[in-house]
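All ligand and atom numbering here is 1-based and tracks the order in the structure.
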Amino acid sequence: MGLTVFITGATSGIGKATAEFLAKKNYRLILCGRRKERLSQLQNDLGSFTDLITLQFDVRIKKEVFAAIESLPENFRQIDVLINNAGNAHGLSSIQEGDTDDWDAMMDINVKGLLYVSKAIIPYMIQRNAGFIVNIGSVAGKEVYPNGNVYCASKFAVNALNKSMRLDLNDYNIRVSAIHPGMVETEFSEVRFKGDVERAKKAYAGYKALEAIDIAEIIYFVISRPYHVNIEDLVVYPTAQASTTILKKKNDEVF
Ligand code: NDP
Ligand code: 8X3
């Protein structure tokens with residue numbers, strides 16, 4: 001059996017596709033999310049391919065994060081790879097019109113949640129003088145776009161934390177990578193637009209967006225390099241997207 005990989009946000013989109021891909025490559029998996037029924041489904045669907053365990057917790061709630069990770073059975077305590085993927089955008093509004101609850105959600109999940117999970121797992125990696133942390137950022141963490149304000153800020157923070165982890169964990173032989181995708185067709189836009197499916201569909205209409213499996217394959221590539229190779233920062237766009245604000249749509253709709 002292969003390395004043990006801990007994936008946050010495994011119940012949907014990029015995290016789920018990564019779990020499915022890695023299960024078939026014999027990685028042992030710790031799959032996390034809030035939606036219990038989806039975690040059970042993953043256990044059923046992937047349990048025949050590999051050893052896996054699921055953890056239900058909300059990354060915003062510090063106590064839940066630490067309790068869940070402390071509850072891991074002995075044979076799942078050696079986490080070789082942590083994929084900090086849980087995250088979403090909430091809303092798309094100007095700074096003057098933004099909803100402060102949306103701001104809280106994005107900072108609490110995308111930034112503080114990532115920090116809590118990392119804080120709970122890093123000591124085990126330091127003890128073993130080995131480990132790998134993959135942070136899922138975004139092109140929104142490289143270049144701001146109109147109305148992206150707080151989501152962009154949360155992903156700029158992920159970019160900064162990725163670089164900081166590289167520096168601080170350098171003494172401990174721990175690899176740290178960030179992957180920054182452009183538009184990926186997942187439940188992301190449904191969450192951003194609060195369940196407005198029609199608006200969400202428009203975000204991916206008129207061009208070929210990235211699929212979650214595209215990012216899963218890239219994550220696999222990054223974590224399967226020889227141990228002395230650390231891909232620190234990787235930006236991936238759909239071909240139709242030239243920047244966070246330039247997207248070639250067939251009918252030239254604005255997203
Ligand atoms: P999805 O909405 O499909 O998946 C988001 C995942 O995050 C779900 O599994 C969800 O699980 C989990 N999650 C959300 N909030 C919490 C929480 N409070 N506690 C625990 N888990 C949570 O989106 P994507 O797969 O697209 O997004 C994954 C990552 O990729 C995010 O960090 C996102 O910012 C990033 N990204 C996405 C892009 C895109 O265009 N789709 C582009 C660039 C980056 P559950 O609800 O069960 O808790
Ligand atoms: C998700 C991609 O461009 O909607 O991070 O911010 S974008």
Side-chain angles (χ1 to χ4, degrees), residues 6-20 31-42 54-62 64-65 68-69 83-92 102 104-114 116-117 134-159 161-162 178-195 199-200 202-204 207 209-216 218-219 234-238 240-247 255:
F6 187 108
I7 307 177
T8 66
T11 53
S12 171
I14 293 170
K16 180 166 182 276
T18 304
E20 290 165 350
L31 304 180
C32 311
R34 289 167 302 178
R35 285 170 284 182
K36 205 171 188 173
E37 66 293 350
R38 290 205 184 187
L39 291 171
S40 306
Q41 192 66 51
L42 283 166
T54 62
L55 288 180
Q56 187 197 17
F57 63 89
D58 185 327
V59 297
R60 286 174 295 194
I61 304 172
K62 201 188 315 184
E64 271 190 23
V65 172
I69 291 165
I83 303 178
N84 276 321
N85 165 74
N88 276 117
H90 293 261
L92 181 68
D102 285 343
D104 285 342
M106 290 184 279
M107 299 312 280
D108 289 350
I109 299 167
N110 303 355
V111 184
K112 289 166 68 184
L114 177 149
Y116 296 156
V117 173
V134 179
N135 295 307
I136 305 302
S138 168
V139 293
K142 297 285 187 179
E143 187 190 13
V144 294
Y145 53 85
N147 301 322
N149 45 67
V150 178
Y151 178 66
C152 294
S154 76
K155 291 298 184 175
F156 268 73
V158 172
N159 193 33
L161 289 170
N162 184 69
I179 297 169
H180 302 279
M183 302 284 279
V184 189
E185 187 164 0
T186 63
E187 291 174 17
F188 179 87
S189 290
E190 269 184 65
V191 175
R192 164 167 260 175
F193 299 127
K194 303 174 195 307
R199 195 172 172 200
K202 280 191 191 155
Y204 307 114
Y207 72 105
L210 293 168
E211 294 174 22
I213 184 66
D214 297 322
I215 307 302
I218 288 166
I219 292 173
L234 200 157
V235 176
V236 51
Y237 275 109
Q241 189 181 11
S243 76
T244 57
T245 51
I246 298 176
L247 178 61
F255 72 99

For ligand 1, which atoms sit closer than 4.0 Å to a heavy atom of M183? 40 (O)
min-distance protein heavy atom vs atom 41 (N) of ligand 1 -> V184 O, 3.0 Å
Out of all atoms in ligand 1, which are within 4.0 Å of some heavy atom of G13? Include the element for each. 3 (O), 25 (O)
Salt bridge (charged side-chain N to carboxylate O under 4.0 Å, His left out) pairs touching residues 138-150, sequence neighbours excluded, are K142-D233
Which is it for K155 and ligand 2 at heavy atoms under 4.0 Å: side chain, backbone, both or neither? neither
For atom 4 (O) of ligand 2, which candidate among E143, R192, H180 holds the nearest heavy atom? R192
Heavy atom of I136 under 4.0 Å from ligand 1? yes
Please identify which atoms of ligand 1 are closer than 4.0 Å to at least one heavy atom of I14. 25 (O), 30 (O)
Strictly under 4.0 Å, does any heavy atom of S189 approach an atom of ligand 1? no
If the threshold is 4.0 Å, N to carboxylate O, is there a salt bridge linking R38 and E187? yes
Salt bridge check: are D102 and K194 linked by an N-O gap of less than 4.0 Å? yes
Can you list the ligand 2 atoms lying under 4.0 Å from a non-hydrogen atom of Y145? 3 (O), 4 (O), 6 (O), 7 (S)
Minimum-distance protein heavy atom relative to atom 23 (O) of ligand 1: T186 OG1, 3.5 Å
Which residue owns the protein heavy atom closest to atom 17 (C) of ligand 1, what's the atom, and how far is it? R34 NE, 3.5 Å
Number the atoms of ligand 1 from 1 as they appear, then name those within less than 4.0 Å of a heavy atom of T11, with their elements. 8 (C), 9 (O), 10 (C), 11 (O), 45 (P), 47 (O)
Does at least one non-hydrogen atom of K155 fall below 4.0 angstrom from an atom of ligand 1? yes
What residues form a side-chain hydrogen bond (donor to acceptor under 3.5 Å, both in side chains) with E190, not counting sequence neighbours? none
Is the closest heavy-atom distance from G182 to ligand 1 below 4.0 Å? yes
Within ligand 1, which atoms have a heavy atom of R60 less than 4.0 Å away? 18 (N)
Winner among A19, S12, G137 once heavy atoms are compared against atom 1 (P) of ligand 1: S12
For ligand 1 and G15, I'd like to know whether there is a polar contact (N/O to N/O, distance under 3.5 Å). no
Protein heavy-atom partner closest to atom 28 (C) of ligand 1 - residue, atom, separation in Å: N85 OD1, 3.1 Å
Contact partition for Y237 relative to ligand 1, non-hydrogen atoms under 4.0 Å: neither
Please work out, at 4.0 Å between heavy atoms, whether the side chain, the backbone, both, or neither of I109 comes within that distance of ligand 1. side chain
What atoms of ligand 1 come closer than 4.0 angstrom to any heavy atom of Y151? 33 (C), 34 (O), 36 (N), 44 (C)
R38 to ligand 1, any heavy atom closer than 4.0 Å: no
Side chain, backbone, both or neither: which part of E187 has a heavy atom under 4.0 Å from ligand 1? both
Using a 4.5 Å cut-off on heavy atoms from C-beta on, say whether the side chain of V144 contacts that of F156. yes
Residue, atom and distance of the protein heavy atom nearest atom 6 (C) of ligand 1 read G9 CA, 3.7 Å
